[in-house]
Amino acid sequence: MRTQVAIVGGGPAGLMLGRLLERRGIESVILEARDREYVQQRVRAGVLEQATMDLMDEVGLGGRMHREGLVHEGVELRFDGEGHRIALSDLTGGRAITIYGQQEVVKDLIEARLESGPPLHFDVGDVVVDPETGVVTYTHAGERQRLEADLIAGCDGFHGVCRPTIQDVLTVYERVYPFGWMGILAECAPSSEELIYAHHERGFALASMRSHEVTRMYLQCAPDAEPWPDEQIWDELDTRFGMGVNRGPIFEKGVTPMRSFVVEPMQHGRLYLAGDAAHIVPPTGAKGLNTAMADVALLASSIGDEAALQAYTRRALERVWRVQHFSWWMTSMLHRMSDDPFETRIQRSQLRYTVTSTAQATALAENYVGLPFITA
Ligand code: APR
Ligand code: PHB
């Protein structure tokens with residue numbers, strides 16, 4: 001079999017790349033290791049930057065996002081028992097974020113792909129990529145398959161096979177944080193109309209949501225913690241937010257470790273990495289999904305132009321490192337990083353400055369709503 005672009009991984013990066021290429025008349029085949037239900041149910045982030053919303057519109061899939069998504073024009077920073085609003089839209093000339101679960105984006109992209117035709121294979125196994133020749137081999141429906149492509153897009157996430165294939169030419173930049181996030185989804189109305197990022201001596205807490213009926217909350221915890229009993233989670237949330245939060249049945253609970261990770265370069269031979277395959281951010285800035293989208297917007301616009309493809313790593317990394325800094329900064333400002341009281345005082349000063357200086361609040365706001373995507 002032949003195609004122009006072999007896309008390994010059917011997460012948000014691979015699916016959006018496929019959609020963008022389809023609209024440019026470029027053939028692709030998407031190979032996804034898991035089944036459709038698994039990919040659609042996987043609970044991940046839920047904040048879309050302005051540019052991600054614009055990209056969904058551009059590819060004709062913004063309908064449900066606009067109907068069901070919640071547009072937010074501000075976020076709250078809470079510390080020393082007081083909340084302070086950062087007016088995201090006022091500070092950025094009207095840009096905003098939308099709360100719309102990553103799995104909803106994935107559902108919309110899968111449905112469109114299956115409707116309009118280009119191949120998307122689920123349940124593929126033993127994917128092997130050859131960056132020199134562009135050949136991808138894999139097992140599907142019990143048979144070994146061979147796909148020849150001009151170019152391979154490695155969109156197979158942090159645990160995929162594409163990055164390890166070229167590890168000899170990669171430099172890794174990494175920071176592992178000594179804590180994780182315990183996340184819950186619960187059937188109850190959010191306790192606040194906007195997201196709350198809370199700094200507390202016992203650790204960070206975040207109040208988010210998926211809808212007017214579903215709350216999403218997180219607590220800083222040990223990186224290898226087992227999820228706590230529901231009651232303990234609610235009590236700890238009350239303590240860290242300094243208010244009685246709305247409670248309801250918890251239907252999803254999990255612990256995510258936190259790391260910052262980047263490889264350079266993001267390409268070798270015919271293989272181009274995008275999204276979590278190339279970089280990871282701690283979730284504090286809500287940048288993972290959006291950065292994956294920025295990569296594929298750039299890659300899709302570079303395909304077919306040799307000079308642009310050569311420049312892919314340089315252009316992508318410029319934005320990737322901005323996002324890395326922002327995510328590291330938010331993480332360092334808001335979490336209990338150590339037992340050192342000097343650190344806590346530095347954090348409080350940074351928080352106070354952020355909520356009182358228009359310059360610093362604007363810096364937070366423009367990074368949070370997201371810098372524009374770059375295209376070739
Ligand atoms: N072959 C085929 N598919 C694979 C393989 C493989 N060897 N290994 C992994 N995959 C699939 C995974 O099952 C997953 O569906 O690749 C997809 C990668 O998707 P994500 O991990 O969601 O990564 P990406 O598309 O880059 O999106 C980044 O996901 O992890 C979150 O916070 C992150 O929001 C960000 C987003
Ligand atoms: C979420 O709603 O899942 C969420 C929101 C903001 C973040 C991270 C995750 O910074």
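For the numbers below, each heavy atom of this structure counts, side chains included, while hydrogens, waters and symmetry mates do not. Just so you know, ligand 1 is whichever comes first in the structure, and atom 1 is the first atom listed for that ligand. For this chain, numbers begin at 1 and follow the sequence in order.
A centroid separation of less than 6.0 Å is found between the aromatic rings of Phe179 and His335. In this structure, His199 has its ring center no closer than 6.0 Å to that of Phe79. Proximity of the aromatic rings of Phe261 and Tyr173 is defined here by a centroid distance below 6.0 angstrom, and this criterion is not met.
With ligand atoms numbered from 1 in the order given, ligand 1 contributes 18 (C), 21 (O), 23 (O) to contacts under 4.0 Å with heavy atoms of Gly157. The ligand atoms of ligand 1 that sit less than 4.0 angstrom from a heavy atom of Gly11 are 15 (O), 17 (C), 19 (O), 25 (O). Counting the atoms of ligand 1 from 1 in the order shown, those under 4.0 Å from a heavy atom of Gly160 are 8 (N). Near Arg210, with a cut-off below 4.0 Å to any heavy atom, the atoms of ligand 2 are 1 (C), 2 (O), 3 (O). Remark: ligand 1 atoms within the under-4.0 Å shell around heavy atoms of Leu31 are 2 (C), 3 (N). Within ligand 1, counting atoms from 1 as listed, the ones closer than 4.0 Å to a heavy atom of Arg34 are 13 (O). The atoms of ligand 1 that sit less than 4.0 Å from any heavy atom of Arg42 are 12 (C), 13 (O), 14 (C), 15 (O). The Thr284 neighbourhood of ligand 2 comprises atoms 10 (O), with distances under 4.0 Å to a heavy atom of that residue. Set against the non-hydrogen atoms of Leu195, the atoms of ligand 2 under 4.0 Å away are 5 (C), 6 (C). Applying the 4.0 Å criterion to heavy atoms of Val8 picks out, from ligand 1, the atoms 1 (N), 2 (C). Near Val161, with a cut-off below 4.0 Å to any heavy atom, the atoms of ligand 1 are 7 (N). The ligand atoms of ligand 2 that sit less than 4.0 angstrom from a heavy atom of Val47 are 5 (C), 6 (C).
Cluster note: Ile346 groups with Phe342 through ILVMFWY side-chain heavy atoms spaced under 4.5 Å, whether in direct contact or through intervening members.
Taking 4.0 Å as the cut-off, Met330 does not count as a neighbour of ligand 2 on heavy-atom distance.
Shortest contact from atom 25 (O) of ligand 1 to any protein heavy atom: Ala13 N, 2.9 Å. Protein heavy atom nearest atom 34 (O) of ligand 1, with residue, atom name and distance: Gln102 OE1, 2.5 Å. Nearest non-hydrogen protein atom to atom 27 (O) of ligand 1 is Pro12 CG, 3.5 Å. Nearest to atom 5 (C) of ligand 1 among the protein's heavy atoms is Asp156 CB, 3.7 Å. Among all protein heavy atoms, the one lying closest to atom 30 (O) of ligand 1 is Asp276 OD2, 2.6 Å. In terms of protein heavy-atom proximity, atom 31 (C) of ligand 1 is nearest to Arg44 NH1, 3.0 Å. The nearest protein atom to atom 8 (C) of ligand 2, hydrogens excluded, is given as Pro283 O, 3.3 Å; this is a heavy-atom distance.
Taking any N or O of Gly275, backbone or side chain, none lies under 3.5 Å from an N or O belonging to ligand 1. Below 3.5 Å of separation, one finds no N or O of His159 facing any N or O of ligand 1. Close N/O approach between Leu289 and ligand 1 is found [any backbone or side-chain N/O within under 3.5 Å]. Close N/O approach between Val127 and ligand 1 is not found [any backbone or side-chain N/O within under 3.5 Å]. Residue Glu32 has at least one nitrogen or oxygen atom sitting less than 3.5 Å from a nitrogen or oxygen atom of ligand 1, judged on distance alone. The shortest N or O to N or O distance between Ala33 and ligand 1 is below 3.5 Å.
When heavy-atom distances to ligand 2 are checked against a 4.0 Å cut-off, Leu206 comes that close only through its side chain, counted from C-beta outward. When non-hydrogen atoms are compared, ligand 1 lies under 4.0 Å from the backbone of Cys155 (N, CA, C, O) but not from its side chain. When non-hydrogen atoms are compared, ligand 2 lies under 4.0 Å from the side chain of Ser208 (C-beta onward) but not from its backbone.
Inspection of the Gln324 and Trp329 side chains reveals no N or O donor paired with an N or O acceptor under 3.5 Å. Residues Thr313 and Gln267 bring a donor and an acceptor atom of their side chains to less than 3.5 Å of each other. Side-chain contact, Arg36 with Gln40: a donor N or O sits under 3.5 Å from an acceptor N or O.
The pair Asp235-Arg247 counts as a salt bridge, with a side-chain nitrogen and a carboxylate oxygen less than 4.0 angstrom apart. Between Asp156 and Arg163 there is no salt bridge, since no side-chain nitrogen of the basic residue lies less than 4.0 Å from a carboxylate oxygen of the acidic one. By the 4.0 Å N-to-carboxylate-O rule, Arg34 lies too far from Asp123 to be salt-bridged with it. Looking at Arg240 and Glu201, no side-chain N of the basic residue comes within less than 4.0 Å of a carboxylate O on the acidic one, giving no salt bridge. A salt bridge is absent between Glu132 and Arg270; no separation between the charged side-chain nitrogens and carboxylate oxygens falls under 4.0 Å. Comment: Lys287 engages Glu49 in a salt bridge, judged by a side-chain N to carboxylate O separation of less than 4.0 angstrom.
Between Val75 and Leu88, the closest side-chain pair of non-hydrogen atoms falls below 4.5 Å.
Remark: side-chain polar atoms of Ser208 are not paired, donor with acceptor, to backbone N or O of Met217 under 3.5 angstrom. Judged by distance alone, with hydrogens and angles left aside, the side-chain atoms of Thr139 form no donor-acceptor pair with the main-chain N or O of Gly142 at under 3.5 Å.
Sorted by first then second residue, the ring-ring contact (aromatic ring centres under 6.0 Å, His included) pairs that include residues 93-127, not counting sequence neighbours, are His121-His140.
The option from Tyr218, Tyr197, Trp181 that lies nearest to atom 6 (C) of ligand 2, judged by heavy atoms, is Tyr197.
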